[in-house]
2 protein chains.
Amino acid sequence: MVRAGLTPERLTRAGAELADEVGFDRVTVSELARRFDVKVASLYSHLRNSEDLRTRIALLALEELADRAADALAGRAGKDALTALANVYRDYAREHPGRYAAAQFRLSPEAAAGSAGVRHAQMTRALLRGYDLTEPDQTHAVRLLGSVFHGYVSLEMGGGFSHSAPDTQETWSRILDALDALLRNWPPTTP
Amino acid sequence: MVRAGLTPERLTRAGAELADEVGFDRVTVSELARRFDVKVASLYSHLRNSEDLRTRIALLALEELADRAADALAGRAGKDALTALANVYRDYAREHPGRYAAAQFRLSPEAAAGSAGVRHAQMTRALLRGYDLTEPDQTHAVRLLGSVFHGYVSLEMGGGFSHSAPDTQETWSRILDALDALLRNWPPTTP
DNA sequence: GCATTCACCTAAGACCTATAGGCAAATGCC
DNA sequence: GGCATTTGCCTATAGGTCTTAGGTGAATGC
C-alpha cells in the first residue's frame with residue numbers, strides 16, 4: 001500500500017489551490033480526495049468535516065494576507081503606507097480569488113479569536129499613526145478602511161464595475177487619494 | 001390530485017424567505033419542494049435548475065433594494081440623501097440577510113444586464129448631484145460609495161466588528177459624516 | 001516476534017441535483 | 001357534453017457529496 005502522505009497542512013494547501021482554481025464555494029472533500037488519488041473517507045482522519053477544511057483554508061488565507069500586509073507596511077508611513085496596504089488586499093484577491101473569498105468565510109468565534117484577523121486590525125491601526133486621529137475616531141477610521149478595501153475589491157472581482165469607463169485602476173488611485181485626504185482632514189464630531 | 005399552485009414567482013419568493021431563514025448558500029431545491037409539500041422533480045417544470053433559482057432570488061433582491069432606494073431618495077438631497085441611501089442598504093441587509101447575500105450573487109452577463117443593478121448606479125449618481133463633482137470624479141465617487149456601503153455592511157454582518165468597542169451605530173454615523181465631508185471637499189487630481 | 005498504531009480502505013446511509021417518462025386534472029374546442 | 005391537448009405533479013432512476021463505522025496491511029515500539 002503506497003501512502004499518499006496526507007496531513008491537515010497538505011490538505012489545506014491543496015484546498016487553497018483548489019479554491020483559487022474553481023472558487024471557494026466549490027471546494028469539496030471529494031475533489032480533494034481525487035487530487036490525492038485517495039478515497040474520500042481517508043480524508044476524515046485528517047479533517048473533522050468539510051467545514052473544518054473550509055475553516056483551515058480561511059485561516060491560511062488570513063495568515064498569508066497578514067504576512068503580506070506586514071511586509072508592505074514595513075518602513076512606510078502616511079499615504080505611502082495606505083497605498084501599500086490597500087494594494088496588498090487588491091493584489092491578493094486578484095492573484096488568489098479563492099483564498100480571498102475564504103478569508104471572508106464566517107469563522108466560529110473560537111476560530112476567529114485564534115486567527116490572524118486581529119493582526120489585520122492592528123496593522124490598520126498602525127497605519128493610522130501616520131495621521132492625526134485619536135480614539136474613538138481611530139477605530140471608526142479602521143472600520144472605514146476595512147470597509148473600503150473589502151468592498152472595493154469584492155465589487156471589482158464580482159464584476160460590479162466591469163462595463164463602465166473609466167477603468168478601475170484610475171478609480172482605485174483616486175479612491176486612495178480621497179481616503180488620504182479624508183484621513184488628513186477628518187471631520188470633527190457634529191454636535 | 002390537489003395542485004400546489006407552483007409558479008416561478010411563488011418559488012422565488014419562497015426561496016427568498018428560505019434564504020433569510022437559513023442563509024443564501026443553504027437554499028436548496030429540495031428544501032423548497034418540502035415547503036410546498038411537493039416532490040423535488042416537480043420544481044423542474046418551473047425552474048431550469050438550482051442556479052436558475054438562485055439567479056431569480058438575486059434579481060428579486062436587487063429589485064426590492066432598488067425600490068427601497070428610490071423611495072428613500074425621493075425628496076432628499078445632500079447629506080440627507082446620502083444617509084437615507086446608506087441606511088437602505090444597511091437596513092435591508094439586517095432585515096433580509098439571505099436576500100442581501102443573494103444580491104451579491106455573481107450573475108451571468110445577460111442576467112446582470114436585465115437586472116436592477118443599473119438602477120442602483122443611477123441612483124447613486126443622482127445622489128451625487130447634491131455635491132459638486134464632475135466626470136470622471138463622479139464615477140469614482142459612485143464606486144467609492146458602493147464600496148463603502150457594501151464593504152461596511154458585509155463586514156458588520158459577518159461579525160468583523162463584533163468584539164470591539166465603540167458600537168457599530170456610532171461608527172456608521174461617523175463614516176457617513178466622513179463621506180459627506182469628503183464629497184463636499186473632493187481632492188483635486190494630483191499632478 | 002508480537003502488540004500497537006497509523007494510514008488508508010470498503011461499505012453503507014442520508015441528502016441533493018437532474019432527467020425521463022407517466023398519469024390525472026384542467027382547459028379548449030367542436 | 002365529449003374528446004384532445006396542455007398543464008401540473010408524480011414515480012423511477014442515476015450520479016454526486018458528506019459522513020460514520022468498521023476493517024486491513026504496513027510501519028513502529030517493546
Side-chain angles (χ1 to χ4, degrees), chain A residues 1-60 98-99 101-102 105-108 110-111, chain B residues 1-60 98-99 101-102 105-108 110-111:
Chain A
M1 186 193 299
V2 186
R3 304 205 165 177
L6 305 179
T7 66
E9 290 68 30
R10 284 192 66 194
L11 290 170
T12 304
R13 275 198 302 276
E17 282 161 31
L18 179 57
D20 286 334
E21 290 171 34
V22 305
F24 182 61
D25 49 341
R26 285 201 171 81
V27 168
T28 163
V29 181
S30 302
E31 178 59 29
L32 207 52
R34 231 169 274 130
R35 299 208 166 191
F36 279 92
D37 203 27
V38 134
K39 299 296 171 183
V40 186
S42 307
L43 300 195
Y44 282 81
S45 318
H46 308 278
L47 304 170
R48 258 202 315 285
N49 51 38
S50 92
E51 182 176 335
D52 182 37
L53 171 61
R54 274 178 246 279
T55 298
R56 286 171 188 271
I57 297 174
L59 293 175
L60 173 67
R99 285 162 150 97
F105 182 63
R106 175 122 195 193
L107 296 171
S108 68
E110 317 86 72
Chain B
M1 186 192 298
V2 186
R3 303 203 166 179
L6 306 179
T7 66
E9 290 68 32
R10 285 192 65 195
L11 289 170
T12 305
R13 276 198 302 276
E17 282 161 31
L18 178 57
D20 285 335
E21 290 171 34
V22 305
F24 182 62
D25 50 339
R26 285 202 173 82
V27 169
T28 162
V29 181
S30 302
E31 178 59 31
L32 207 51
R34 229 169 275 131
R35 300 209 165 190
F36 280 92
D37 203 28
V38 135
K39 299 296 172 182
V40 187
S42 307
L43 300 195
Y44 283 82
S45 319
H46 307 279
L47 304 170
R48 257 202 314 286
N49 49 40
S50 88
E51 183 177 334
D52 182 36
L53 171 61
R54 274 179 247 280
T55 298
R56 286 170 187 272
I57 298 174
L59 293 175
L60 173 68
R99 284 161 150 97
F105 182 62
R106 174 120 195 195
L107 296 170
S108 68
E110 316 86 72

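Per chain, numbering begins at 1; letters A, B, ... match sequence-line order.
For the segment residues 41-54 of chain A, the set of residues with a heavy atom within less than 4.0 Å of an atom of DNA chain C comprises A/A41, A/S42, A/S45, A/H46, in numerical order. Within residues 22-33 of chain B, no residue has any heavy atom under 4.0 Å from DNA chain D.
Counting heavy atoms from C-beta outward, A/T28 and A/V22 have side chains that stay 4.5 Å or more apart. Residues A/D25 and B/D25 fail the side-chain proximity criterion, which asks for heavy atoms closer than 4.5 Å.
Listed candidates were C/dC16, D/dC10, C/dC8. Nearest to the side chain of B/K39 is D/dC10.
Among all heavy-atom pairs drawn from A/A16 and A/L60, the shortest one is CB-CD2, 3.7 Å.
B/R35 places its CZ atom 16 Å from the C1' atom of C/dC16, with the value rounded to the nearest Å.
Counting non-hydrogen atoms of neighbouring residues, nucleotides and ligands closer than 6.0 angstrom, the CZ atom of A/R48 reaches no more than 12 such neighbours. Heavy-atom contacts from other residues, nucleotides or ligands closer than 6.0 Å to CD of B/E51 number 12 or fewer.
No side-chain donor-acceptor contact under 3.5 Å links B/R34 and B/S30.
Listed for the A/R54 side chain is a donor-acceptor partner under 3.5 Å among the backbone atoms of A/V27.
Salt bridge A/E17/A/R13: absent, no basic N to carboxylate O contact under 4.0 Å.
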